[in-house]
Amino acid sequence: MFRVLVSDAISEEGLAPLRTSAHIDIVQKKVGEVEDELHTFDALLVRSATKVTEDLLEKMTNLKIVGRAGVGVDNIDIDAATKRGIVVINAPNGNTISAAEHTFAMMAALVRHIPQAHISVKSREWNRSAFVGKELFGKKLGVIGFGRIGSEVAKRARAFGMTVHVYDPFLTKERAEKLGVSIHSLDEVLASADIITVHTPLTKETRGLLGTENLAKTKKGVYLINCARGGIIDEQALIPFLESGHVAGVALDVFEQEPPGDHPLLAFSNVIATPHLGASTVEAQLNVATQVAEELLHFVEGQPVTSSINLPALSKDVYEKIQSFYHLGRKLGLIASQFMNIPVQELSVTYAGTVADLETTYITRSLLAGFLQPRVASTVNEVNAAMVAKERGITYGEKFSDETHGYANCISLTVHGENKTFTIKGTHVPNYGDRIVHFDGVAIDFAPEGHLLYIQHQDRPGMIGKVGNILGAHDVNIATMQVGRQEAGGKAMMILSLDKPVDDAVLKTLAQIDDIETVKRLEA
Ligand SMILES: NC(=O)C1=CN([C@@H]2O[C@H](COP(=O)(O)OP(=O)(O)OC[C@H]3O[C@@H](n4cnc5c(N)ncnc54)[C@H](O)[C@@H]3O)[C@@H](O)[C@H]2O)C=CC1
Ligand SMILES: O=C(O)C(=O)COP(=O)(O)O
């Protein structure tokens, strides 16, 4: 049973696809309510309220995937998840429109004092002169962060007759032109905008982006909106700018701490606020829940996930094409690691033939994970392989070649260790399987499966019989045997596939045969 903990309020209708699977068990409880069971869950689904910290991940020892029913993943310790090989997925566009509409609603409310006027009327007052506002028409809107939400806000602003100035260091001129906005430096946007709205993720770079220094560069009388993440506008820094009247008004949907409690900003009559409602619409909640539920189902079924934060994006089509090579890659890495059971510095992977035209990043990650797995106690997979390699000082690189050795495709792995270099090559034959076609300088042909025994010896008559006798005497059945040699009478090798693994005593007996130089167990 695949156990899913849903720890925030996620649309029931959106989760429905998960309920159709007999293999999935859904538990809807807060993390604090299932402390004793945390180690039993395979998946965790959250919104922004649950903090997926390293400490929580430490307790969720069986966790394989975290799904964020929304965009921002700043409540998830991505590095800690990646380190543990836990896939993190989100729903990147399900709530874009809702967040953009909320931003626009906040903008209109801010410049027309709607919340304040509403409270006044509800208090049985009729004070029209106290709430004279400003038009949006003809104003300059500064958009900081021009991704999905920023660009939807800009479209609506243009429809209102506003000019849009954008700051986004990753935005291309073509995209800006297409959407009818102009690109500026941050300083230019700060100096020119009548209203500034932020739509970046919260990162090390964007935390405090609008702090004392940058707020001082804004126009006197500027309005500010944060419907992205608390902390992008520095809340403490804002206070003197409100006190002096430099900032005319602020609309906040998000706070550094949520809920903000008795926050000093809330005491200002020209600060309006909502309790993180950007994505709180029926439509957005259905969209994001459906997106993560569908992705989770793919994950459970062994299909690729397309919106992962810590895995390269893969479409179903591409995944189907690389799947066989992905398995071959893992086997090549696994066998090479056991054969080279010494410290290694570098792995070099060469792709040739049909595989060279595919998305090889994923295959390389799989190969790397196979290589690292025998060397580390925790799980290594394509999520954390690069990180684990880095931690261990192992570098890796990809190359592409035309040399297929007569096969339709060929993956070659060369491992550089201390005083030794080892090369293994494999191919995938459709409807037949994976074959290792080159092993440590010798052309050979065997399936990388099960309990393998590698024997390196001098090419002499009678070697096969001697090995067979010893294995037979120890009740070890040989399923297949492949032999190869560099030249007659020279270095030769046998790769045997056995029905059960041999123990150390048998290895030792085999190693004592004259002309046998190396005997190694290899598990594939
Ligand atoms: N209030 C709410 O309920 C909601 C809030 N959000 C938040 O809105 C924000 C934006 O979401 P999306 O538009 O979907 O994300 P996105 O990833 O499509 O866009 C973010 C943009 O920010 C830009 N950016 C990154 N660093 C930057 C920097 N240092 N300076 C300027 N621009 C920078 C990126 O290039 C990108 O274009 C996120 O923080 C997300 O968490 C999203 C949905 C609902
Ligand atoms: O998607 C996002 O980034 C949001 O901020 C929405 O947060 P929520 O899912 O409503 O807690």
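When a residue number appears, it is its place in the shown sequence, counting from 1. One-based numbering, in listed order, for ligands and for the atoms of each.
- Here the options are K219, K220, K134, the test is salt bridge (charged side-chain N to carboxylate O under 4.0 Å, His left out), and the partner is D194; only K219 passes.
- Heavy-atom proximity to D253, at under 4.0 Å, picks out these atoms of ligand 1: 1 (N), 2 (C), 3 (O).
- Scanning all protein heavy atoms for the shortest distance to atom 43 (C) of ligand 1 gives N95 OD1, 3.3 Å.
- Near G72, meaning under 4.0 Å from one of its heavy atoms, ligand 1 places the atoms 41 (O).
- Taking every heavy atom of H199 and a limit of under 4.0 angstrom, the matching atoms of ligand 1 come to 10 (C), 20 (C), 21 (C), 22 (O).
- Using a 4.0 Å cut-off between a side-chain N of Lys or Arg and a carboxylate O of Asp or Glu, E152 and R156 qualify as a salt bridge.
- The contact set between ligand 1 and A99, taken as ligand atoms under 4.0 Å from a residue heavy atom, comprises 43 (C), 44 (C).
- Aromatic pair H246/F241: ring centres closer than 6.0 Å.
- Taking distance alone, with nitrogen or oxygen atoms compared against 3.5 Å, R148 approaches ligand 1 more closely than that limit.
- Nearest heavy atom pair, residue G231 against residue L202, reads C-CD1, 4.1 Å.
- In this structure, atom 31 (C) of ligand 1 lies nearest to the protein heavy atom P169 CD, 3.3 Å.
- Within the 4.5 Å cutoff, the side chain of R365 has no heavy atoms near those of the T360 side chain.
- Among protein heavy atoms, atom 7 (C) of ligand 1 sits closest to A228 O, 3.6 Å.
- Closest protein heavy atom to atom 28 (C) of ligand 1: T206 CG2, 3.7 Å.
- Every atom of ligand 1 with a heavy atom of Y167 under 4.0 Å away is listed here by number and element: 30 (N), 31 (C).
- Ion pair K217/D187 flagged as a salt bridge, since at least one NZ, NE, NH1 or NH2 atom sits closer than 4.0 Å to an Asp/Glu carboxylate oxygen.
- Shortest non-hydrogen contact noted between V111 and I195 is CG1-CD1, 4.0 Å.
- Counting protein heavy atoms only, atom 38 (C) of ligand 1 is closest to T200 O, 3.5 Å.
- Of all atoms in ligand 1, listed by their number and element, those nearer than 4.0 Å to a heavy atom of H276 are 1 (N), 2 (C), 3 (O).
- Of all the listed residues (I149, D168, L209, T281), I149 holds the heavy atom that lies closest to atom 13 (O) of ligand 1.
- Per-residue contacts place C227 under 4.0 angstrom from the following atoms of ligand 1 (heavy atoms of the residue considered): 1 (N), 2 (C), 4 (C), 5 (C).
- Taking a cutoff of 4.0 Å between a charged side-chain nitrogen and a carboxylate oxygen, R19 and E12 qualify as a salt bridge.
- Note: no N/O pair closer than 3.5 Å links F170 and ligand 1 by distance alone.
- Close contacts between ligand 1 and F146 involve ligand atoms 37 (O) [criterion: under 4.0 Å to a heavy atom].
- Salt bridge K83/E391: absent, no basic N to carboxylate O contact under 4.0 Å.
- V181 places a side-chain heavy atom less than 4.5 Å from the side chain of F146.
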Ring pair (Phe, Tyr, Trp, His ring centres under 6.0 Å) for Y362 and Y326? Distances and angles first, verdict last.
CA-CA 7 Å; Y362 219 87; Y326 169 80; 5.7 Å; yes
Quick one: ligand 2 N/O to protein N/O pairs below 3.5 Å?
{"residue": "ligand 2", "atom": "1 (O)", "partner": "R68", "partner atom": "NH2", "Å": "3.4"}
{"residue": "ligand 2", "atom": "1 (O)", "partner": "V71", "partner atom": "N", "Å": "2.6"}
{"residue": "ligand 2", "atom": "1 (O)", "partner": "N95", "partner atom": "ND2", "Å": "2.9"}
{"residue": "ligand 2", "atom": "3 (O)", "partner": "R68", "partner atom": "NH2", "Å": "3.3"}
{"residue": "ligand 2", "atom": "3 (O)", "partner": "G72", "partner atom": "N", "Å": "2.7"}
{"residue": "ligand 2", "atom": "3 (O)", "partner": "R229", "partner atom": "NH2", "Å": "2.8"}
{"residue": "ligand 2", "atom": "5 (O)", "partner": "R229", "partner atom": "NH1", "Å": "2.8"}
{"residue": "ligand 2", "atom": "5 (O)", "partner": "R229", "partner atom": "NH2", "Å": "2.9"}
{"residue": "ligand 2", "atom": "5 (O)", "partner": "H276", "partner atom": "NE2", "Å": "2.7"}
{"residue": "ligand 2", "atom": "7 (O)", "partner": "R68", "partner atom": "NH2", "Å": "3.2"}
{"residue": "ligand 2", "atom": "7 (O)", "partner": "H276", "partner atom": "NE2", "Å": "3.3"}
{"residue": "ligand 2", "atom": "9 (O)", "partner": "R47", "partner atom": "NE", "Å": "2.9"}
{"residue": "ligand 2", "atom": "9 (O)", "partner": "R68", "partner atom": "NH1", "Å": "2.8"}
{"residue": "ligand 2", "atom": "10 (O)", "partner": "R47", "partner atom": "NH2", "Å": "2.8"}
{"residue": "ligand 2", "atom": "11 (O)", "partner": "S48", "partner atom": "N", "Å": "3.2"}
{"residue": "ligand 2", "atom": "11 (O)", "partner": "S48", "partner atom": "OG", "Å": "2.4"}

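- Rounding to the nearest 0.5 Å places CD of Q285 at 10.5 Å from CD of E283.
- Nearest protein neighbour of atom 14 (O) of ligand 1, counting heavy atoms only, is V71 CG1, 3.5 Å.
- Closest to atom 19 (O) of ligand 1 among all protein heavy atoms lies G147 CA, 3.2 Å.
- Contact record, E295 with S307: OE2-N, 2.7 Å, taken as the closest heavy-atom pair.
- Side-chain contact between E243 and F268 is present, with at least one heavy-atom pair separated by less than 4.5 Å.
- Under the 4.0 Å criterion applied to side-chain N and carboxylate O atoms, R84 and E58 are assigned as salt-bridge partners.
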